[in-house]
Amino acid sequence: MDYNKLADLLYPNVDKNIDYYLTKYPKRNLPTGAEVMRLGPSPTGYLHIGHLYSALISRIVTNKTGGVFYLRLEDTDQKRYIKGAGDVAYNMLCYYGVTPDEGYTGDGKPQIGDYGSYVQSQRLEIYNSFAKELVKNGKAFPCFCERSESKQDILDRREKELAESETITEHDEACRNLSIEQIEENLKNGKPWALKLRSTGDPNITHDFVDLIKGKRTIRENGKDIVLVKSDGIPPYALAHVVDDTLMGTTIVVRGEEWYPSVAAHLEIFKALNLKPPKYAHTPVISKIDNGNKRKLSKRKDPEADVRYYIEQGYPIDSVIEYVLNLLNSDFENWRAKNPHADISEFDFSIKKIGSNNPMFDFDKLNNISKTVISKYSAEKVYENLLNWAKVYNKEFAEVLENNKQKTIAMLSIDRGGDRPRKDIYAWSMVQELYNYIFEDNISYTIDDKYKSQNAKNFLAEYIKKYDISLNKEEWFAQIKQIALSHNFADNKDYKANPAAFAGSIADACNLVRLGVTGKTTTPDLCSIMQLLGETTVKARLQTTLEKLI
RNA sequence: GGUCCCAUGGUCAAGCGGUUAAGACAUCGCCCUUUCACGGCGGUAACAGGGGUUCGAUUCCCCUUGGGACUACCA
């Protein structure tokens, strides 16, 4: 077979050879040890938390080594393409502070960098050149088989075949050995074709392979004639990956573990083109428990897979980044404990320390981290972040916040600052309900039966009469205590020793007041809240409570 | 079905042949605070099972079991 003739037959209009591109995009001039890394999302929806996860790895490593982190849009599947998804990807990366140095920048803005285009659908000419090279070398052949199944078709067929025969038939490659005359004939008849790899690999032969996360592995050679260019003329991931990462000078490819099984195929393409493959780091996949089973976080089913979810909920950027970092390198939290105020960039991150288990997304942990992050903010900073969030996601509340700026900051100042700040907020969306007693006039709550005693009534009635907003914290305590004691409430220790003998403890008395004033059983310092609310409001609310006690 | 990956408490996880098997989150209790928290102290809770190798296995090997991924002209 005359492969040159075949190449010209298949690609009559491709005149540039791959050397043209190899010299057009020369090696980057970077310091020794600098890594070039990339994120290549396909614009088929929102940016997945897994993308943030691998982008963060790339951003940290390239920062550390003085390298380059770029964003490439892998839009080779027109069927799944969603307009604007690429813009979301770029904007989200920037929002989370994982800003690319180079590549696609979204929203019609010009791309940055000398290795573009960074949008795969704009690189078809380049792919064709590499495809033609492969044909010339006898490494690829056109396939005229009609087979375009949907995902569901494939699953159905597999299930059916498995049920019948316990094996799945591998499709034979009838087109592999077509004569040039047959090919010419097919072409003349306008039959659609895809370009396939003429695999020379033998799955019985294994090679050593080093993955930056998994370590040294043995992998089998690829034996499949995988598709290099689809019948629509666009290459699927495999060829695009090989071509782009070569031309763009990627040194480390960070990608999800789901790619690991196709490493052999990718390596075979590199070899067929006589190109040097990059280093690979296959990351674990973030999972969750669903009906008792562990599974990958799903774009469709799980709202928390979308990085915008955290923004909508009002998690600060730092919280999410710290949580992901914690997932990445488990010693991050030890470092954070020792360096509570240090910048994240000072953490000694290591790709090797990434675990190989698929971690489960843990909201408890995220919330805890977030509470700590927010507890370090000043009241003004909390207010500012809260307001910015509310302006987008809760306009009504934003108005309330703006009209009550001083009051809100005063509220947020309670128990804030100092060495042991309160940790009660993990996301901005919870604030309105958490502190509703300062934002709303009418608060609803139910009173526990233990407060419904004559003693409690008498206590509250007297307290309403005597409450004085000018009392400082000590005096305030002293007053509650004194009144409570006179109505058969007891010192906490005495009460504990003999609960049956008393109407309740001092703590109970305080909590009754707390409930009446705030409608909550847990709040920041009550004395401060009451001062903030003002004597009229406090007394009115307690009066309502008193009436409810009957 | 085939190929591959993974396996320490409820969750995230240290550990790399000899440990009372760290730590964090969650949970429970106590202390502090004459309130709520914060904080401090402590408790419950783990090496999936079976074979090897070894003086000795959580650690190395094999099998089983369990979970996951891939097996598309999707990425």
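Throughout, a chain's letter reflects where its sequence line sits, starting with A, and its residues are numbered from 1. Please read these numbers as outputs of a predicted model, since none were measured by experiment.
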Show the numbers, then the answer: is there a ring-ring contact (aromatic ring centres under 6.0 Å, His included) between F489(A) and F502(A)? CA-CA 6 Å; F489(A) 283 83; F502(A) 303 100; 9.4 Å; no
Distance below 4.0 Å between K230(A) side-chain N/O and C74(B) OP1 or OP2: yes
Need one value for T523(A): base, sugar-phosphate or nothing, where a base atom within 4.0 Å counts as base even if backbone is also close, heavy atoms only. base
Taking the side chain of E74(A) as heavy atoms from C-beta outward, which of A14(B), A7(B), A75(B) is closest to it? A75(B)
When the C1' atoms of G18(B) and U58(B) are compared, how many Å lie between them, rounded to an integer? 12 Å
K353(A): which residues meet the salt bridge (Lys or Arg N to Asp or Glu O under 4.0 Å) condition with it, sequence neighbours left out? D331(A)
Work out how far the P atom of U19(B) is from that of C63(B), and round it to whole angstrom. 28 Å
Does the protein touch nucleotides 61-70 of chain B at the base, only the backbone, or not at all? Give it as B, S and - per nucleotide, heavy atoms under 4.0 Å. ------SSSS
Ignoring hydrogens and geometry beyond distance, is a side-chain donor-acceptor pair present between Y81(A) and S121(A) at under 3.5 Å? no
Sugar-phosphate, base or nothing in reach of K214(A), heavy atoms under 4.0 Å: sugar-phosphate
Kindly indicate whether the side chain of S356(A) and the base of C6(B) share any N or O donor-acceptor pair separated by less than 3.5 Å? no
F361(A) has an atom CZ; how far is it from atom P of G10(B), in whole Å? 21 Å
Compare side-chain N and O positions of R420(A) against OP1 and OP2 of A37(B) and report whether any pair is under 4.0 Å apart. no
In whole angstrom, give me the gap between the P atoms of A24(B) and G40(B). 9 Å
Using the P atom in both, what is the distance from G1(B) to U64(B), to the nearest Å? 13 Å
Distance-only polar pair, side chains of Q120(A) and D244(A), donor-acceptor under 3.5 Å: yes
Base, sugar-phosphate alone, or nothing: which one does T522(A) contact when heavy atoms must sit under 4.0 Å apart? sugar-phosphate
Can you tell me which stems RNA chain B forms, taking runs of 3 or more consecutive Watson-Crick or G-U pairs with both distances under 3.5 Å? B:1-7 with B:65-71, B:10-12 with B:23-25, B:27-31 with B:39-43, B:48-52 with B:60-64
U3(B) and A46(B): how far apart are their C1' atoms, nearest whole angstrom? 32 Å
Is the positively charged end of K214(A) above the ring of Y260(A), judged by distance under 6.0 angstrom from the centroid and angle within 45° of the axis? yes
Distance check: side-chain N/O of N326(A) vs OP1/OP2 of A13(B), anything under 4.0 Å? no
Whole Å only: how far is the CG atom of L366(A) from the P atom of U11(B)? 18 Å
Spacing between D331(A) atom CG and A14(B) atom P, to the nearest angstrom: 9 Å
Under the ring-ring contact (aromatic ring centres under 6.0 Å, His included) criterion, do W259(A) and Y237(A) qualify, and how do the steps go? CA-CA 10 Å; W259(A) 288 107; Y237(A) 178 86; 3.9 Å; yes
Which is true for S375(A) with a 4.0 Å heavy-atom rule: it touches a base, it touches only sugar-phosphate, or it touches nothing? nothing
Distance in angstrom units between I374(A) CD1 and C38(B) P, rounded: 15 Å
Students often mix this up, so state it plainly: with edges at 30° and 60°, are the rings of Y467(A) and Y463(A) parallel, tilted or perpendicular? tilted
Could you tell me whether D419(A) contacts a base, only the sugar-phosphate backbone, or nothing, with contacts defined as non-hydrogen atoms closer than 4.0 Å? nothing
Between K79(A) and A75(B), is there a contact of a side-chain N or O with OP1 or OP2 at under 4.0 Å? no
When the P atoms of G9(B) and C47(B) are compared, how many Å lie between them, rounded to an integer? 7 Å
From C-beta outward on P236(A), which listed nucleotide comes closest to its side chain: C74(B), A14(B), U11(B)? C74(B)
Counting only N and O atoms by type, is there a donor-acceptor contact under 3.5 Å from the side chain of H487(A) to the main-chain atoms of A484(A)? no
Base, sugar-phosphate alone, or nothing: which one does K365(A) contact when heavy atoms must sit under 4.0 Å apart? base
Polar side-chain atom of E221(A) near backbone of N204(A) as donor-acceptor pair, under 3.5 Å: no
Taking Y310(A) for its side chain and E304(A) for its backbone only, find out whether a donor-acceptor pair lies under 3.5 Å. yes
Mind checking the P distance from A13(B) to C25(B)? Whole angstroms is fine. 16 Å
Can you work out whether N357(A) or R80(A) has the more 5'-proximal nearest nucleotide on RNA chain B? N357(A)
NA contact type, D491(A), heavy-atom cut-off 4.0 Å: base, sugar-phosphate, or nothing? base
Expressed as a whole number of Å, how far does the C1' atom of U11(B) sit from that of A7(B)? 15 Å
Across the strands shown, which category fits P359(A) at heavy-atom distances under 4.0 angstrom: base, sugar-phosphate, nothing? sugar-phosphate
E333(A) or K353(A), whichever maps to the more 5' nucleotide of RNA chain B: K353(A)
